[in-house]
Q: 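Pasting a structure here, questions to come.
Counting begins at 1 with the first residue of the sequence. Source: prediction; values computed, not measured.
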Amino acid sequence: MDDTVIVIMLKNKNTGFLEKELESLDLTENVEYIVNIFAVDEEEGRKLHIKLSTERDVEDWEYSAIYDYYDTDCFNGIAEVIDADDDYNPVWEVIIDYSDDTALLEEKVAEILAVHKKEIEDVFETIKDKESEYTNGEQ
């Protein structure tokens with residue numbers, strides 16, 4: 001599998017502008033789930049924000065079903081999850097402490113992507129026969 005290089009930029013907390021490149025990560029799996037990734041200097045230190053979504057566009061009924069069944073507790077002990085921006089597809093924003101150790105950061109991001117992939121696959125499996133519950137039988 002080919003590596004994908006992900007560039008991490010420092011985002012200004014006040015302006016929202018990307019200010020400078022911090023580093024690049026070489027990731028091999030599950031990068032299709034990343035919507036964007038950036039670092040922010042917070043009062044408690046630099047944090048890495050990773051916005052995750054589905055690997056494909058979802059139907060309207062799936063949008064609600066995915067949020068209903070996606071368990072953000074899957075990230076307990078790994079990362080903090082906050083509400084993400086509204087988007088066409090479901091999005092979760094995952095936050096971890098930033099590290100200048102590139103190998104450690106790659107390992108943490110890879111772990112987050114693997115956890116997210118398993119959870120989203122489980123959700124898709126769970127909701128596959130639930131369309132009528134979300135469309136009131138209208139198809």
Side-chain angles (χ1 to χ4, degrees):
M1 192 173 284
D2 293 333
D3 282 5
T4 300
V5 176
I6 303 289
V7 176
I8 299 177
M9 300 290 292
L10 179 62
K11 184 176 182 179
N12 183 303
K13 184 177 180 177
N14 298 319
T15 66
F17 291 124
L18 299 175
E19 296 183 331
K20 69 178 183 176
E21 181 178 331
L22 295 176
E23 68 182 289
S24 298
L25 304 180
D26 289 325
L27 302 171
T28 56
E29 298 182 86
N30 307 318
V31 294
E32 65 273 13
Y33 294 102
I34 296 176
V35 175
N36 63 35
I37 186 169
F38 55 90
V40 176
D41 286 333
E42 307 279 354
E43 289 179 18
E44 60 277 355
R46 187 168 284 171
K47 301 291 183 178
L48 184 67
H49 294 246
I50 309 164
K51 290 189 178 182
L52 302 170
S53 189
T54 58
E55 82 288 4
R56 64 173 175 82
D57 287 340
V58 300
E59 295 180 33
D60 289 345
W61 73 269
E62 289 176 308
Y63 187 93
S64 296
I66 290 167
Y67 276 126
D68 286 349
Y69 286 92
Y70 191 99
D71 186 4
T72 57
D73 288 346
C74 66
F75 292 108
N76 284 353
I78 301 170
E80 174 188 357
V81 181
I82 62 170
D83 291 336
D85 300 330
D86 287 333
D87 198 59
Y88 180 78
N89 291 315
V91 175
W92 299 267
E93 187 167 348
V94 179
I95 303 169
I96 60 172
D97 290 333
Y98 183 86
S99 173
D100 290 326
D101 181 337
T102 303
L104 177 64
L105 205 53
E106 286 173 346
E107 184 180 306
K108 285 182 173 183
V109 172
E111 178 184 14
I112 287 167
L113 292 173
V115 167
H116 175 70
K117 177 185 179 184
K118 181 183 182 323
E119 183 64 19
I120 202 71
E121 286 176 345
D122 290 350
V123 167
F124 277 124
E125 182 62 27
T126 300
I127 69 169
K128 70 180 180 185
D129 297 323
K130 297 191 181 297
E131 181 173 359
S132 64
E133 294 176 31
Y134 286 89
T135 59
N136 297 322
E138 301 168 17
Q139 294 186 22

Q: Using a cut-off of 6.0 Å, state whether more than 12 heavy atoms not belonging to D60 lie near its atom CG.
A: no
Q: How about OH on Y88, more than 12 heavy atoms from neighbouring residues, nucleotides or ligands closer than 6.0 Å, or not?
A: yes
Q: Of all heavy-atom pairs between V94 and A79, which one has the smallest distance, and what is that distance?
A: CG1-CB, 3.1 Å
Q: What distance do E19 atom CD and D41 atom CG have between them, rounded to the nearest 0.5 Å?
A: 8.5 Å
Q: Return the minimal non-hydrogen interatomic distance between I82 and E80, and the atom names on each side.
A: CG2-OE2, 3.5 Å
Q: Please confirm whether the backbone N or O of D26 pairs with a side-chain atom of E106, one donor and one acceptor, at under 3.5 Å?
A: yes
Q: Is K13 atom NZ crowded by more than 12 heavy atoms from other residues, nucleotides or ligands, each under 6.0 Å away?
A: yes
Q: According to the interplanar angle, ranging from 0 to 90°, do the rings of H116 and Y70 count as parallel (below 30°), tilted (30 to 60°) or perpendicular (above 60°)?
A: tilted
Q: Please check if the number of heavy atoms outside E42 that lie under 6.0 Å from its CD is greater than 12.
A: yes
Q: Quick check: closest heavy atoms across Y69 and I127, and the distance to 0.1 Å?
A: CD1-CG2, 3.6 Å
Q: Count I, L, V, M, F, W, Y as connected when their side-chain heavy atoms are under 4.5 Å apart, and connections chain through other members. Are M9 and I50 then in the same cluster?
A: no
Q: For the side chain of S53 and the backbone of Y33, is there at least one donor-acceptor N/O pair under 3.5 Å apart?
A: no
Q: Are L27 and I78 in one and the same hydrophobic cluster, where Ile, Leu, Val, Met, Phe, Trp and Tyr link if side-chain heavy atoms are under 4.5 Å apart?
A: yes
Q: Find the distance between CG (N30) and OG1 (T4) and round it off to the nearest 0.5 Å.
A: 10.5 Å
Q: Are any of the side-chain heavy atoms of V109 and L113 separated by less than 4.5 Å?
A: yes
Q: When you group the ILVMFWY residues by side-chain heavy-atom contacts below 4.5 Å and let the links chain together, are I66 and Y63 in the same group?
A: yes
Q: Do I34 and L25 belong to the same hydrophobic cluster, where Ile, Leu, Val, Met, Phe, Trp and Tyr are linked whenever their side-chain heavy atoms lie under 4.5 Å apart, directly or via other members?
A: yes
Q: Nearest heavy-atom pair of V5 and S24: which atoms, and what distance?
A: CG1-CB, 3.7 Å
Q: What verdict does the side chain to side chain contact (heavy atoms under 4.5 Å, CB included) test give for E21 and I8, after you've listed the backbone C-alpha separation in whole Å, the side-chain angles of each residue and the deciding distance to 0.1 Å?
A: CA-CA 6 Å; E21 181 178 331; I8 299 177; over 6 Å; no
Q: We want to know whether Y98 and E23 form a side-chain donor-acceptor pair, criterion being a heavy-atom distance below 3.5 angstrom.
A: yes
Q: Do I96 and L105 come within less than 4.5 Å of each other through their side chains, counting heavy atoms only?
A: yes
Q: Would you call R56 and F124 a side-chain contact if the rule is heavy atoms closer than 4.5 Å?
A: yes
Q: Any side-chain heavy atom of I112 sitting closer than 4.5 Å to one from L52?
A: yes
Q: Within the distance-only criterion (no hydrogens, no angle test), does the side chain of N89 pair as donor or acceptor with the backbone N or O of V58 below 3.5 angstrom?
A: yes
Q: Can L48 be reached from V40 by stepping across I, L, V, M, F, W or Y side chains whose heavy atoms are under 4.5 Å apart?
A: no
Q: Taking atom CH2 of W92 and atom NZ of K51, what is their separation to the nearest 0.5 Å?
A: 13.5 Å
Q: Is the backbone of K130 close enough, under 3.5 Å, to the side chain of E133 for a donor and an acceptor to pair up by distance?
A: no
Q: Could you state the interatomic distance from OG1 (T54) to CD (E32), rounded to the nearest 0.5 Å?
A: 10.5 Å
Q: Please step through side chain to side chain contact (heavy atoms under 4.5 Å, CB included) for the pair L10 and R46, ending with a clear verdict.
A: CA-CA 9 Å; L10 179 62; R46 187 168 284 171; 3.8 Å; yes
Q: Out of curiosity, D68 CG to T126 OG1, how far, rounded to the nearest 0.5 Å?
A: 11.5 Å
Q: What residues form a ring pair (Phe, Tyr, Trp, His ring centres under 6.0 Å) with F38, not counting sequence neighbours?
A: H49
